[in-house]
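Let me begin by presenting the structure, written as C-alpha cells, before commenting on it.
Chain letters run A, B, ... following the sequence lines, proteins first, then strands; residues in each count from 1. These figures come from a predicted structure and were not determined experimentally.
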Amino acid sequence: MSSSTPYSPFLSTPVPKFGGPAAAAVNPGSSLRPPSASLNDLNAPQRDAAITLDGPLLVLAGAGTGKTRVITYRMAELIRNGVEPSKILSVTFTNKAAKEMAERMSHMLGRRPNSRPMISTFHSLCVRILRDEIEALGYPPRFVIYDRGDQESAARKALRDIKVTDAALKPADLLSQISRWKMVGVLPELATEYADDDRGYLAASGYRRYQQSLRASGAVDFDDLLLLTAQLFEQFPDVLARQQARFEQVQIDEYQDTNEMQFQIVAALVKPHRNICVVGDDDQSIYGWRGAEVKHILNFQQHFPGAKIVRLQDNYRCTTEIIRLANQLVKHNHGRHDKTLVAHKDGPTPAIKPFPDEQTEAEGVVREINYLVKELNVPPQDIAILFRTNEQPRLFETELRRVRVPYVLVGGQSFFDRKEVRDIMAYLKFLSNPRDEVSLLRIINTPTRGIGDASVERLLNRAVKMGRKIWDVIPDALAGKEITQKTARSIELFREQMGEFQRRFDTPGISLSETLQKLLHDIDYEGEIQKQYNSADQQLARSGVLDECITALREYEQRSPKPDLAEFLDQTSLSGNNREFGDDDSFEQSAVKLMTLHSAKGLEFPRVYLVGLEEGLLPHKRSITDELENNPSAIEEERRLAYVGITRAKDVLTISYAQTRMKWGKRYKTKPSRFLTEMQRVVGE
DNA sequence: AAGGAGGGTTTTTTT
DNA sequence: AACCCTCCTT
C-alpha cells in the first residue's frame, strides 16, 4: 500500500536499529527492542484503542480511519508492555494483508526472527493447528487441501454415485449447500434434519458421499479447515488447552466478515483470558454469501460483556467529496451502526460518466489512464479499475495492452485455472498423498497413456465395491475381462513410475523442483502440449506455464528452511490463486491494478475507476432476485460493496456505466444503477 | 481409445 | 461468445 497520507505515514520516522539509544530509553528493563512507532502518530481515538491492552475491545473503524495502523501499533504496545511477541496472534482476512502486516512488524521490531507475533489468516492458522492435532479426529496427519476445482470433481462424483442428475441438483449447487452447512457446523450425518425440501434431501445425501470421499482421499476442503478445528476444540479439551496456552492476546481484523465457525474458534481460544481485540466496520461486510455474519460485530458486547468500544470516524484517506457520496449511499441501509465519516481533505468532485456500450467504456477509461500515465506522469500503481464481476476486466485488459500501459489483474484465478497448472498440481497432490483419488483420476490418463475412461470407470466401480485401491483390483478386473491386457500393462507402468517419484519427493535432500522437472520430462507433458495446440505461440505460452510451475517450486525451496512438498501445496492452495505463482513484485509495483470490489477490500488508491454501475451488475441481478425471494438484505450487501468501492479512492474517483451491454451474444439496454441516484441524494429528500 | 464436430448451456462475489 | 458435454468417426 502506498502511504502518502497527509497525516503521519506509517514509517514516517526513520527506524532506529535494534538496541539503539531510543530503545533503552523507552524500555529500560526489556531485552526486546521497543517499537519505533510513537503513539504520537495516532489521533486520540486511535491511541485509545492502541493502548487498551486488557480485556475485550471492539474497534468500530470506518473506511480509511487507520484500523490496520491501530492493530499494528497495538501489537507494538503489547510487546512494549512485556507480552512475549510469539504469544500474540493477529488474524487478517487475506494472506496478502498478513504478509504486509508481518513486514511492518518486522520493521518495528527490527527483525528478531526468534520471537514475533503470529500473523495469519483463519485458514492458515487452522492448517497449523490441524497439522499438529488432526490425528485425534481420525484423519491422517498428511492431508491435502482441495481447491475449488477438486471440490467440484468430488461433488460431481458424489452426485453420480447416488445417481442424481444435473437437472435435479448441479455440482455447484451441492457445493454451495455443503458450504452453507459447514459454515454453521452442520455435519453430514445431521444435514438431513436441516433439509426442508427434496433438493435439500438430495443435497444431504450428496454431502454424506462427498465427505466420505474426501475422508477416503485424505483431503479436506476450505470449510473443513475451520469446521475440523472447531470440532477438535469441542471434542478434545487437551488440544484446546494446548492451543489456548499458545496465545495471550488475540486480534482480529475485518471482524464484520467472520462466520460462525471462525467465531467459535476464536471464542474458544480466548476463553481463559478474554484478551481479544476485534476491528471492523459493519458497513463493509461484503461476504454474507460466504457465511459471514454482521451480527458478530453488532453483538460483540453481548458475547464479551464489559467490552470496551472505540469508534474511529475520522477518515484520512478520501476527499470530502468522495466521503459525501459514500455516506449518502450507505445511509440507505438499515440495520447498521449509524455513523458518519468525517473527511479532512479537498479534491475534485467525482465524475459519473455514461458510455454507449461496454467497449466504449473500456476505451474511454483506458484513454484517460493512458493520458494520466504518459502525459502527466502519474505512476500506474496509483490507479485502480474496480468492477463487480470477473467477466468485466477483459475489455479493459485488451485496451491497456493496446496502449501499452502496464497492468495486473489481481485475484482472478487465471493462473490456477489453466489446465496445465491444474494437471501439474494434481500430480503433486497425488504424489504427496497417494490416497487422493480426485487428483489420481485427473492425471491417470493425462497425458494420454492408453488408459481410457471406460476402463477407469470399471476399475473404480470394482475398487469401491471391494473397498480396495484401484491398483489392487487390476488382476480381478483382468479376470473378469473388464479391462484389456494392454490397459492393465499401461496402468502397471504408470503405477511404477508414480511410485518412483513418490520416493524421490519423499527423500530429504533431493531437490523438489528438479524432481518436478524430471517428472514433466518423463511423462512427456511437453509432447502433450504439442499435440493439443497447433499454433506455435500457443505452444510456447503453454510450455511457459510449465516453467512457471517449476520456478514457483524452486522459489519455495529457496525460501523455506525445510522444504516439503505438502507444505508447498498448503501454501499454494491457501494463498489465493496468483500469489505464489508468477508473483512478480517489481512489475506489480508499477502497474495499474484491475480487481473485483471484493478483492479491493482493505486497499486504497489515489485514483479509482469504479466501472459498470448498472442495474443487474451492481446491484448484481442475482441479488435483485434474491431480494424478491428469500433474502431481503441482498441489495444491502451490494450497496456496501459499492460503498467499499467508493471509499478505496484517496483523491480522484470516476464512476462509469454502459448504456448497453452484450450478454450471451446479444446486446441489451441497461439501466443506470440505483446507487447512482442514492449516492447523490440525502436520505429523506 | 482418441480426436473432432455439433449442440446445449451459461454468469456473482473467494479464503 | 465461450465453454462443456455428448456423440460420432477413425
Just to verify, what does [X] make a side-chain contact (heavy atoms from CB on, under 4.5 Å) with, not counting sequence neighbours?
X      : result
A/K663 : A/K621, A/Y668
A/T398 : A/R401
A/A384 : A/L386, A/K593, A/F605
A/R394 : none

Looking at residues at least two apart in the chain, or sitting in another chain, which of them share a ring-ring contact (aromatic ring centres under 6.0 Å, His included) with [X]?
X      : value
A/F396 : none
A/W289 : A/Y287, A/H598
A/H123 : none

Name the pairs: protein N/O against N/O of nucleotides 2-7 of chain B, kept only if under 3.5 Å.
{"unit_1": "B/dA2", "atom_1": "OP1", "unit_2": "A/G450", "atom_2": "N", "d": "3.2"}
{"unit_1": "B/dA2", "atom_1": "OP2", "unit_2": "A/N445", "atom_2": "ND2", "d": "2.9"}

Length of the CD1-P vector between A/I624 and B/dT11, whole Å: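 Interatomic distance, CD1 of A/I624 to P of B/dT11: 18 Å.
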
Short side-chain N/O contact to B/dT13 OP1/OP2 from A/N390, under 4.0 Å: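 So the side chain of A/N390 is within the cut-off, an N or O lying under 4.0 Å from OP1 or OP2 of B/dT13.
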
Any A/S599 side-chain nitrogen or oxygen under 4.0 Å from OP1 or OP2 of B/dT13: no

Polar atoms only, N or O, under 3.5 Å: list the protein pairs with nucleotides 2-7 of chain C and their distances.
none

Contacts of type salt bridge (Lys or Arg N to Asp or Glu O under 4.0 Å), residue A/D224, not counting sequence neighbours: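 Here the qualifying residues are A/K182.
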
Every protein N/O lying under 3.5 Å from an N/O of nucleotides 8-10 of chain B:
{"unit_1": "B/dT10", "atom_1": "OP1", "unit_2": "A/K170", "atom_2": "NZ", "d": "3.0"}

Sub-4.0 Å heavy-atom contacts from residues 286-297 of chain A onto DNA chain B, ordered by number: A/Y287, A/W289, A/R290

